[in-house]
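Read through the structure below, which is laid out as structure tokens, and then see the notes.
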Amino acid sequence: QVQLVESGGGSVQAGGSLRLSCVASGLTDSTNLLGWFRQAPGKEREGVVGIWTPFGAAVYADSVKGRFTISRDNAKNTYLEMINLKPEDTAMYYCAAGRLDSGFPRQSLDQSKYNHWGQGTQVTVSS
């Protein structure tokens, strides 16, 4: 049984930093796509970053480039380092895992490629 458990969310002031963690269990070797998504109140869930493990390359949403950095370990746990946080980064953050056979990098943030999701961790950034 696959489980993804996020942690590390919290409340910070604008300009602050947070490090989110996603501990994965039960993933198989077929999983080659790991990512983070977020959903703000009243908005649709959007992709933040996706990493395709065969290349180890990550694709970031334009809104977070230069501020967010994803890393992973051999156990397919992922970590999202977030710096210079802005009020518009306020959202529930979800980690996800899936498979991408082709279409990198364009489909790295395609939610339909992810079939396992965590419960989320809240990030609140105040101005």
Side-chain angles (χ1 to χ4, degrees):
Q1 185 177 355
V2 174
Q3 240 188 341
L4 301 175
V5 180
E6 303 96 333
S7 63
S11 296
V12 297
Q13 290 192 325
S17 303
L18 284 172
R19 184 175 189 259
L20 306 184
S21 298
C22 175
V23 176
S25 60
L27 292 176
T28 67
D29 291 342
S30 66
T31 298
N32 64 8
L33 188 63
L34 306 171
W36 285 88
F37 293 78
R38 67 185 182 186
Q39 186 168 20
K43 295 188 176 181
E44 293 187 354
R45 188 168 59 189
E46 63 175 0
V48 174
V49 58
I51 183 167
W52 195 44
T53 59
F55 279 179
V59 173
Y60 294 88
D62 289 343
S63 59
V64 306
K65 281 181 183 176
R67 300 188 299 120
F68 289 15
T69 304
I70 190 173
S71 60
R72 66 175 178 96
D73 59 26
N74 290 335
K76 297 184 179 178
N77 300 321
T78 58
Y79 308 92
L80 186 63
E81 193 77 36
M82 307 185 295
I83 65 171
N84 192 21
L85 283 161
K86 304 176 180 180
E88 50 264 42
D89 294 319
T90 295
M92 184 72 77
Y93 283 71
Y94 301 90
C95 68
R99 181 168 180 85
L100 184 65
D101 292 313
S102 63
F104 181 83
R106 181 170 46 87
Q107 295 186 28
S108 299
L109 296 180
D110 181 345
Q111 297 186 43
S112 69
K113 303 302 180 185
Y114 294 83
N115 56 345
H116 301 294
W117 296 83
Q119 294 299 307
T121 185
Q122 178 68 37
V123 171
T124 303
V125 184
S126 58
S127 57

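At a threshold of 4.5 Å between side-chain heavy atoms, the hydrophobic network of Ile, Leu, Val, Met, Phe, Trp and Tyr places Ile70 and Leu33 in two separate groups. Follow the hydrophobic side-chain contacts under 4.5 Å out from Val48 and you reach Tyr60 in the same cluster. In the hydrophobic cluster analysis, where Ile, Leu, Val, Met, Phe, Trp and Tyr join through side-chain heavy atoms closer than 4.5 angstrom, Met92 is grouped apart from Val123.
When all heavy atoms of Gly8 and Leu18 are compared, the pair lying nearest together is O-CD2, 3.8 Å. Scanning both residues, Ile83 and Gly66, for their nearest heavy atoms gives CD1-O, 4.3 Å. Across all their heavy atoms, Ala97 and Thr31 have their closest contact at CB-CG2, 3.8 Å. Across all their heavy atoms, Gln119 and Glu6 have their closest contact at N-OE1, 3.0 Å. Residues Arg38 and Ala91 come closest through the heavy atom pair CB-CB, 3.8 Å. Nearest approach of Tyr114 to Gly35, heavy atoms of both residues: CE2-N, 3.6 Å.
Atom CG of Leu34 is separated from atom NE2 of His116 by 11.0 Å, given to the nearest 0.5 angstrom. The distance from the CG atom of Asn77 to the SG atom of Cys22 is 7.0 Å, given to the nearest 0.5 Å. Here OG1 of Thr78 is found 8.5 Å from CD1 of Ile51. Values are rounded to the nearest 0.5 Å. Separating the CG atom in Leu100 from the CZ atom in Phe55 is a distance of 10.5 Å, to the nearest 0.5 Å. From Ser108, atom OG reaches atom CG of Asp110 across 9.0 Å, with rounding to the nearest 0.5 Å. Here the straight-line distance linking atom OH of Tyr93 with atom CE of Met82 works out to 5.5 Å at 0.5 Å rounding.
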- [ ] Mind running side-chain contact (heavy atoms from CB on, under 4.5 Å) on Leu4 and Tyr94 for me, showing each step along the way?
- [x] CA-CA 9 Å; Leu4 301 175; Tyr94 301 90; over 6 Å; no
Open item on the list: Is there a side-chain contact (heavy atoms from CB on, under 4.5 Å) between Phe68 and Leu85? Walk through the geometry before answering.
Closed with: CA-CA 9 Å; Phe68 289 15; Leu85 283 161; 3.8 Å; yes
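The side chain to side chain contact (heavy atoms under 4.5 Å, CB included) test with Leu80 singles out one residue from Thr121, Thr69, Leu20, and that residue is Leu20.
At most 12 heavy atoms of other shown residues, nucleotides or ligands fall within 6.0 angstrom of atom CD in Gln3. In the displayed structure, Asp29 atom CG is contacted under 6.0 Å by at most 12 heavy atoms of other residues, nucleotides or ligands. Glu46 CD: more than 12 foreign heavy atoms inside a 6.0 Å radius.
A distance below 6.0 Å separates the ring centres of Trp117 and Phe37.
Not counting sequence neighbours, Tyr79 has no partner by the ring-ring contact (aromatic ring centres under 6.0 Å, His included) test.
The backbone N or O of Lys65 sits nowhere less than 3.5 Å from a side-chain atom of Asp62 that would complete a donor-acceptor pair. Judged by distance alone, with hydrogens and angles left aside, the side-chain atoms of Arg67 form a donor-acceptor pair with the main-chain N or O of Asn84 at under 3.5 Å. Glu88 places no side-chain N or O within 3.5 Å of a backbone atom of Val125 that could act as its donor or acceptor partner.
Ion pairing between Asp89 and Lys86 fails under the 4.0 Å rule for side-chain N and carboxylate O.
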